[in-house]
S.K.: 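One structure is given below, represented as structure tokens, and several questions about it will come after.
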Amino acid sequence: MQKIGLLSLDSHNFNYGGMLQEYALQFAIEAQGNYCEVIDYRHNTELRTFSPRRNIRYLTWEKVYGKLAQLRQNRGKKKQIEDLIIRRKVKFNEFCNTYIKFSKVCKHDELKEVVQGYDSVVCGSDQIWNPAFNRPSFFLDFVPDTIGKVIYAASIARDTLTKSESKVYQEYIKPLEWISVRESGAVELLRQIAGEKEIRLVLDPSLLLTPVHWKNVAGEGRLINDEYLFCYFLGIDEEKRKAAQRFASGNGMRLISLPYLLGKYNVWDEGFSEAVIDAGPVEFLNLILHAECVLTDSFHASVFSILFQKKFRVFGRKFGKGDMNTRLHTLLSYIGHNEYLIHPEQLEECTINDKTDWSLNRIEECRKESLEWLTRALTKG
């Protein structure tokens with residue numbers, strides 16, 4: 001039995017998809033006969049790879065508007081909502097305590113000491129190689145050569161890298177032998193800078209577990225008894241919200257949303273729909289599982305909509321000047337429905353009577369291939 005350390009984008013954030021993919025990757029590693037624990041790394045102790053320029057490059061009107069809107073919020077209502085957000089965070093912590101094993105808490109200057117007890121360290125998945133979020137540690141630069149290094153399903157989440165970003169990434173990639181990514185666009189980007197290194201396309205960790213597994217995690221019973229349209233939007237975009245409201249109204253459905261990204265109050269989310277504020281990761285799965293249909297701009301909400309074979313549409317998303325849709329193109333290609341990625345105005349052409357006619361056969365094939373690659377990487381690495 002090998003002892004594996006798992007480094008993810010944020011081991012204690014309040015992001016539904018991030019935490020569920022972290023659990024899934026740990027589960028998949030342990031299902032192969034290993035012991036795996038998530039390295040409880042506090043990322044704020046390490047500067048981001050491109051931190052000197054980030055605040056300027058990724059400052060958008062949406063962010064400015066969001067900050068200004070918060071200054072105009074109703075304080076009494078905010079307090080009521082924040083009490084529910086605290087309950088949400090409690091449920092996240094309960095999920096961690098139930099499903100995830102952690103190492104001791106460590107800061108950046110303690111990483112080298114923490115990894116000494118591992119046979120291999122896996123870094124993944126989610127947007128660990130997105131220049132906006134990346135830190136040098138996500139290339140496992142702190143791991144000595146005597147310990148295996150594996151990058152699993154890294155996401156760049158962009159179609160391009162600048163020349164300076166490519167140059168920096170090229171240097172960080174040099175010592176790595178086992179590299180896999182979750183989007184086909186990232187394969188092409190990295191092959192341009194990685195020389196003859198193999199860059200493997202694999203499934204996001206959440207797809208390594210079967211629908212039956214995830215349904216068991218979602219639990220029995222329903223949070224919402226009536227038929228409903230479920231919305232989960234990460235982007236601050238009024239056009240998406242108005243399109244969802246029109247669609248729900250036109251189809252006579254309740255509109256249920258899961259607002260307040262990362263557990264932070266934002267006045268922009270108020271009044272959009274009936275909100276389930278105190279939902280943890282389990283409730284997130286339950287809301288998708290029992291929805292009549294799903295509207296989202298989230299990669300992982302799309303993943304679970306596919307696994308649960310829900311009627312769904314996904315809106316594109318931008319971050320600063322960057323297009324974050326490359327991962328969605330890859331995901332939707334597995335079911336042969338790239339047309340499910342739409343603009344808000346296209347939603348009027350959709351109907352809740354759409355058949356969920358896709359097969360999961362391609363995902364099942366890729367699951368087997370991805371797990372085989374991970375086994376080989378951990379054994380030989």
Side-chain angles (χ1 to χ4, degrees), residues 13-24 27 88 91-92 94-95 99 125-126 203-235 240-241 243-244 247-248 251 253-263 269 272-315 317 327-328 331-332 334-335 337 340-342 347 350 352-358 360 363 367:
N13 67 16
F14 299 101
N15 179 291
Y16 296 98
M19 184 159 288
L20 290 169
Q21 67 82 28
E22 181 179 82
Y23 155 70
F27 186 94
R88 176 194 295 193
K91 290 180 179 178
F92 267 89
E94 289 173 348
F95 183 89
Y99 290 100
S125 168
D126 221 346
L203 290 180
D204 181 86
S206 56
L207 290 164
L208 297 180
L209 307 188
T210 66
V212 171
H213 185 114
W214 285 120
K215 287 178 182 179
N216 288 334
V217 176
E220 298 180 0
R222 300 168 57 111
L223 291 181
I224 308 294
N225 289 324
D226 299 332
E227 290 187 352
Y228 61 93
L229 166 66
F230 177 61
C231 287
Y232 180 58
F233 294 141
L234 298 175
K240 294 176 185 177
R241 285 160 166 74
F247 187 78
N251 287 280
M253 300 182 68
R254 291 177 68 182
L255 180 57
I256 304 294
S257 71
L258 213 170
Y260 309 112
L261 177 62
L262 299 182
D269 287 314
F272 163 55
S273 66
E274 293 183 65
V276 181
I277 300 173
D278 60 341
V282 170
E283 291 77 15
F284 174 77
L285 291 173
N286 191 286
L287 287 166
I288 295 176
L289 176 61
H290 296 292
E292 184 69 14
C293 53
V294 177
L295 295 178
T296 189
D297 59 7
S298 155
F299 175 85
H300 283 107
S302 301
V303 165
F304 293 114
S305 296
I306 289 171
L307 290 177
F308 296 152
Q309 296 198 297
K310 297 281 106 178
K311 303 162 188 171
F312 79 101
R313 291 295 186 272
V314 55
F315 297 132
R317 204 162 106 239
R327 57 208 176 125
L328 291 169
L331 174 64
L332 294 173
Y334 292 128
I335 61 170
H337 280 292
Y340 284 4
L341 176 61
I342 64 172
L347 186 59
C350 302
I352 60 172
N353 295 319
D354 285 351
K355 294 181 179 179
T356 52
D357 60 350
W358 63 82
L360 297 179
I363 290 176
R367 181 184 298 131

S.K.: Which residues pass the side-chain contact (heavy atoms from CB on, under 4.5 Å) test with K91, not counting sequence neighbours?
M.R.: E94, D278, E283
S.K.: Not counting sequence neighbours, list each pair that qualifies as a side chain to side chain donor-acceptor pair (under 3.5 Å) and has a residue in residues 214-230.
M.R.: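 Qualifying pairs: D226-R254.
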S.K.: Going by the rule ring-ring contact (aromatic ring centres under 6.0 Å, His included), which residues pair with H290 if we only count those two or more places apart in sequence or in a different chain?
M.R.: none
S.K.: Over all heavy atoms of both residues, which pair between L285 and A218 is shortest? Give the atoms and the distance, please.
M.R.: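 The pair with the smallest heavy-atom distance is CB-CB, 3.8 Å.
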S.K.: If only atom types and distance count, is the side chain of K310 paired as donor or acceptor with the main-chain N or O of E292 below 3.5 Å?
M.R.: no
S.K.: Which residues pass the side-chain hydrogen bond (donor to acceptor under 3.5 Å, both in side chains) test with R367, not counting sequence neighbours?
M.R.: none
S.K.: Please check if the distance between the ring centroids of F27 and Y99 is under 6.0 Å.
M.R.: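 Ring centroids of F27 and Y99 are no less than 6.0 Å from each other.
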S.K.: Which pair of non-hydrogen atoms, one from F304 and one from L20, has the smallest distance, and what is that distance?
M.R.: CE1-CD1, 3.8 Å
S.K.: Main chain of I306, side chain of Q309: is a donor-acceptor contact present, judged purely on distance under 3.5 Å?
M.R.: no
S.K.: If you look at every heavy atom in M19 and P281, which pair is closest and at what distance?
M.R.: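 Reported closest heavy-atom pair: SD-CG, 4.1 Å.
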S.K.: One pair to check against side chain to side chain contact (heavy atoms under 4.5 Å, CB included): L360 and Y334. What are the steps and the verdict?
M.R.: CA-CA 8 Å; L360 297 179; Y334 292 128; over 6 Å; no
S.K.: Mind checking what makes side-chain hydrogen bond (donor to acceptor under 3.5 Å, both in side chains) contact with D269, not counting sequence neighbours?
M.R.: R241
S.K.: For the backbone of S206 and the side chain of D204, can you confirm whether one donor and one acceptor N or O come within less than 3.5 Å of each other?
M.R.: yes
S.K.: Using the ring-ring contact (aromatic ring centres under 6.0 Å, His included) criterion, which residues pair with F92? Sequence neighbours excluded.
M.R.: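 Here the qualifying residues are F14, Y16.
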S.K.: Please confirm whether the backbone N or O of A279 pairs with a side-chain atom of N286, one donor and one acceptor, at under 3.5 Å?
M.R.: no
S.K.: Please enumerate all residues that pass side-chain hydrogen bond (donor to acceptor under 3.5 Å, both in side chains) together with D297, with sequence neighbours excluded.
M.R.: K240
S.K.: List for me each residue that meets side-chain contact (heavy atoms from CB on, under 4.5 Å) alongside N15, sequence neighbours excluded, and say none if there are none.
M.R.: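 Expected list: N13, L262.
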S.K.: Apply side-chain contact (heavy atoms from CB on, under 4.5 Å) to L261 and list each qualifying residue two or more places apart in sequence or on a separate chain.
M.R.: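 Per chain and number, L261 pairs via side-chain contact (heavy atoms from CB on, under 4.5 Å) with L234.
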S.K.: If only atom types and distance count, is the side chain of R327 paired as donor or acceptor with the main-chain N or O of D126 below 3.5 Å?
M.R.: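 Side chain of R327 to backbone of D126, a donor-acceptor pair under 3.5 Å: no, none is there.
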S.K.: Taking only residues two or more places apart in sequence, or in another chain, which ones meet F315 in a ring-ring contact (aromatic ring centres under 6.0 Å, His included)?
M.R.: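 F315: ring-ring contact (aromatic ring centres under 6.0 Å, His included) contacts with F233.
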S.K.: Identify, with sequence neighbours excluded, every residue that meets ring-ring contact (aromatic ring centres under 6.0 Å, His included) alongside F247.
M.R.: none
S.K.: By side-chain hydrogen bond (donor to acceptor under 3.5 Å, both in side chains), which residues pair with S302, not counting sequence neighbours?
M.R.: none
S.K.: For the side chain of S257 and the backbone of A275, is there at least one donor-acceptor N/O pair under 3.5 Å apart?
M.R.: no
S.K.: Assess whether ring-ring contact (aromatic ring centres under 6.0 Å, His included) is satisfied between F308 and W358, documenting all intermediate values.
M.R.: CA-CA 11 Å; F308 296 152; W358 63 82; over 10 Å; no
